[in-house]
Amino acid sequence: MTDLPRFFCADAARRRGDQLAGTAPFGLVWVLIEYPGGWPPNGFDGLDLEPGVKALVFAAAQSVKARILLIRRHGRRTLGGPRRWAVLRYAGSGAHHQQWGTWTRDEELAGIVAALAAPGEPGLPPVVLVCAHGLHDTCCAVRGRPAARALSRLHPGLVWESTHVGGDRFAANVVVLPDGVYYGGLDAATAVTTVEEHLRDRVHAGHLRGYTDLVPAQQVAVGAALQHFGPAGRHAWTVTATTRLDDHWHVHLTGRPPHPALLDVEVRSHRTPPRQLTCRGLARSSTVVYEATGLRWD
């Protein structure tokens with residue numbers, strides 16, 4: 001009996017030409033918890049923490065729709081000493097806030113609850129997350145860790161490996177927070193150039209999955225603007241109105257100079273045939289894909 005070849009979801013997505021644009025999950029608040037040890041497949045939910053504290057943090061995060069991610073520095077697995085936690089918040093139009101703390105005992109994670117209720121501190125350096133959650137999906141480790149290694153060499157204070165950020169088949173996935181910008185389909189070299197450009201406030205369309213403050217059709221509209229007019233700052237394009245009729249979307253954008261002041265993008269959605277989307281998930285699922293079909297500007 002011949003063994004079937006091992007399935008890698010990121011390889012399959014590249015062969016199919018799965019579209020990156022419009023695939024960033026919506027979110028404005030993130031909780032990061034440093035945990036250098038092994039990560040369970042379900043991340044924070046699977047950690048052996050004091051149940052009361054764990055429930056408290058989960059409930060507080062859920063109340064503001066925050067995503068909880070475990071983080072660690074690349075290549076470091078030391079369990080001793082204080083670990084860090086953070087609450088990151090995107091407030092729109094370039095405003096974002098962070099609050100950081102440390103923990104050695106489970107009870108100290110309760111500080112996250114207070115941080116979720118506070119505005120946080122503006123103006124801190126960004127956080128660059130690279131999904132490297134191998135027990136959740138093989139491709140996240142195979143493709144994520146080389147990207148994390150390359151980025152960590154250049155920006156050791158900014159870069160963390162993280163648990164599942166969504167979109168396994170787009171590995172390597174990089175998320176810049178609190179900007180709320182998702183990039184995918186990266187390798188070590190493209191991760192470095194993409195992040196270097198982002199830190200210069202130049203977002204390129206090539207590896208952009210989307211902005212997390214926008215819904216998929218809006219993400220695709222902004223991506224189309226960047227594709228047509230070239231890389232631009234995170235807030236160079238603003239969504240001012242969105243209308244929908246069945247599977248057609250009409251997205252209005254305003255641009256900062258030298259871009260057009262007004263840009264209308266037509267977006268159409270369609271559902272793909274069922275296919276295997278993750279390395280471990282054998283069930284086939286279809287997804288909704290959004291594509292820009294026209295641009296008009298003044």
Side-chain angles (χ1 to χ4, degrees), residues 9 25-89 98-118 120 127-145 147-149 151-152 156-168 171-178 180 182 212 278-281:
C9 64
F26 187 86
L28 302 176
V29 185
W30 299 266
V31 175
L32 309 181
I33 299 175
E34 184 178 6
Y35 192 83
W39 293 336
N42 55 346
F44 176 75
D45 290 350
L47 288 185
D48 183 20
L49 298 174
E50 198 282 319
V53 172
K54 187 175 179 180
L56 194 66
V57 170
F58 181 80
Q62 192 175 42
S63 70
V64 295
K65 299 181 180 179
R67 185 169 196 150
I68 304 176
L69 297 170
L70 304 181
I71 59 172
R72 65 189 175 207
R73 296 296 192 188
H74 177 74
R76 301 180 187 176
R77 297 293 181 269
T78 303
L79 294 176
R83 290 160 279 182
R84 303 186 74 188
W85 59 258
V87 171
L88 313 180
R89 192 184 310 270
Q98 304 182 36
Q99 186 162 336
W100 290 80
T102 60
W103 69 290
T104 54
R105 298 179 294 107
D106 293 358
E107 292 77 10
E108 292 171 317
L109 287 174
I112 293 171
V113 177
L116 283 167
V127 175
V128 179
L129 300 182
V130 185
C131 183
H133 197 176
L135 284 182
H136 180 88
D137 191 276
T138 304
C139 284
C140 295
V142 171
R143 293 179 177 268
R145 286 175 185 159
R149 182 185 308 115
L151 287 168
S152 296
L158 304 183
V159 179
W160 300 82
E161 292 183 349
S162 81
T163 49
H164 178 57
V165 299
D168 305 348
N173 285 296
V174 170
V175 186
V176 184
L177 299 176
Y182 265 65
T212 65
T278 66
C279 292
R280 297 178 182 273

Enquirer: Determine the sole option in Val142, Asp137, Thr138 for which the side-chain contact (heavy atoms from CB on, under 4.5 Å) test with Cys140 is passed.
Expert: Asp137
Enquirer: On a heavy-atom basis, which atom in Pro41 and which in His136 lie closest, and how many Å separate them?
Expert: O-ND1, 3.3 Å
Enquirer: Taking the side chain from His133 and the backbone from Pro40, do they hold a donor-acceptor pair closer than 3.5 Å?
Expert: yes
Enquirer: Look up atom CD in Glu50 and atom CG in Leu109, then write down how far apart they are to the nearest 0.5 Å.
Expert: 10.5 Å
Enquirer: Quick one: CH2 on Trp103 to CG on Leu49, what's the gap to the nearest 0.5 Å?
Expert: 5.5 Å
Enquirer: Got a second to check how far Arg145's CZ is from Glu161's CD, nearest 0.5 Å?
Expert: 6.0 Å
Enquirer: Once you round to the nearest 0.5 Å, how far does OH of Tyr35 lie from OG1 of Thr163?
Expert: 12.5 Å
Enquirer: CG of Asp168 to CG of Asn173: how many Å apart, nearest 0.5 Å?
Expert: 7.5 Å
Enquirer: Let me have the donor-acceptor pairs involving side chains of residues 61-71, under 3.5 Å, with sequence neighbours excluded, atom names and distances please.
Expert:
{"from": "Ser63", "atom 1": "OG", "to": "Ala60", "atom 2": "O", "distance (Å)": "2.6"}
{"from": "Arg67", "atom 1": "NH1", "to": "Val165", "atom 2": "O", "distance (Å)": "3.3"}
{"from": "Arg67", "atom 1": "NH2", "to": "His164", "atom 2": "O", "distance (Å)": "3.3"}

Enquirer: What closest approach, in Å, do Gln99 and Gly120 show between heavy atoms, and which atom pair accounts for it?
Expert: OE1-CA, 4.0 Å
Enquirer: Let me confirm one number: the CD1-CD1 distance from Ile112 to Ile33, rounded to the nearest 0.5 Å.
Expert: 4.0 Å
Enquirer: Between Gln98 and Leu88, which heavy-atom pair has the shortest distance, and what is it?
Expert: CG-CD2, 3.4 Å
Enquirer: Residues in side-chain hydrogen bond (donor to acceptor under 3.5 Å, both in side chains) with Arg89, at least two apart?
Expert: none
Enquirer: Is the Lys NZ or Arg CZ of Arg84 less than 6.0 Å from the centre of Trp160's six-membered ring, within 45° of the axis?
Expert: no
Enquirer: Please give me the minimum heavy-atom distance between Arg143 and Ala171, naming the atom from each residue.
Expert: CD-O, 3.2 Å
Enquirer: Taking atom CG of Asp48 as the centre, does the number of heavy atoms from other residues, nucleotides or ligands within less than 6.0 Å exceed 12?
Expert: no
Enquirer: Report yes or no: does Arg72 contribute a side-chain atom to a donor-acceptor pair with the main-chain N or O of Gly37 at less than 3.5 Å?
Expert: yes
Enquirer: Are the side chain of Arg149 and the backbone of Gly144 linked by a donor-acceptor contact shorter than 3.5 Å?
Expert: no
Enquirer: If we only count heavy atoms from C-beta on, is the Tyr182 to Thr212 side-chain gap below 4.5 Å?
Expert: yes
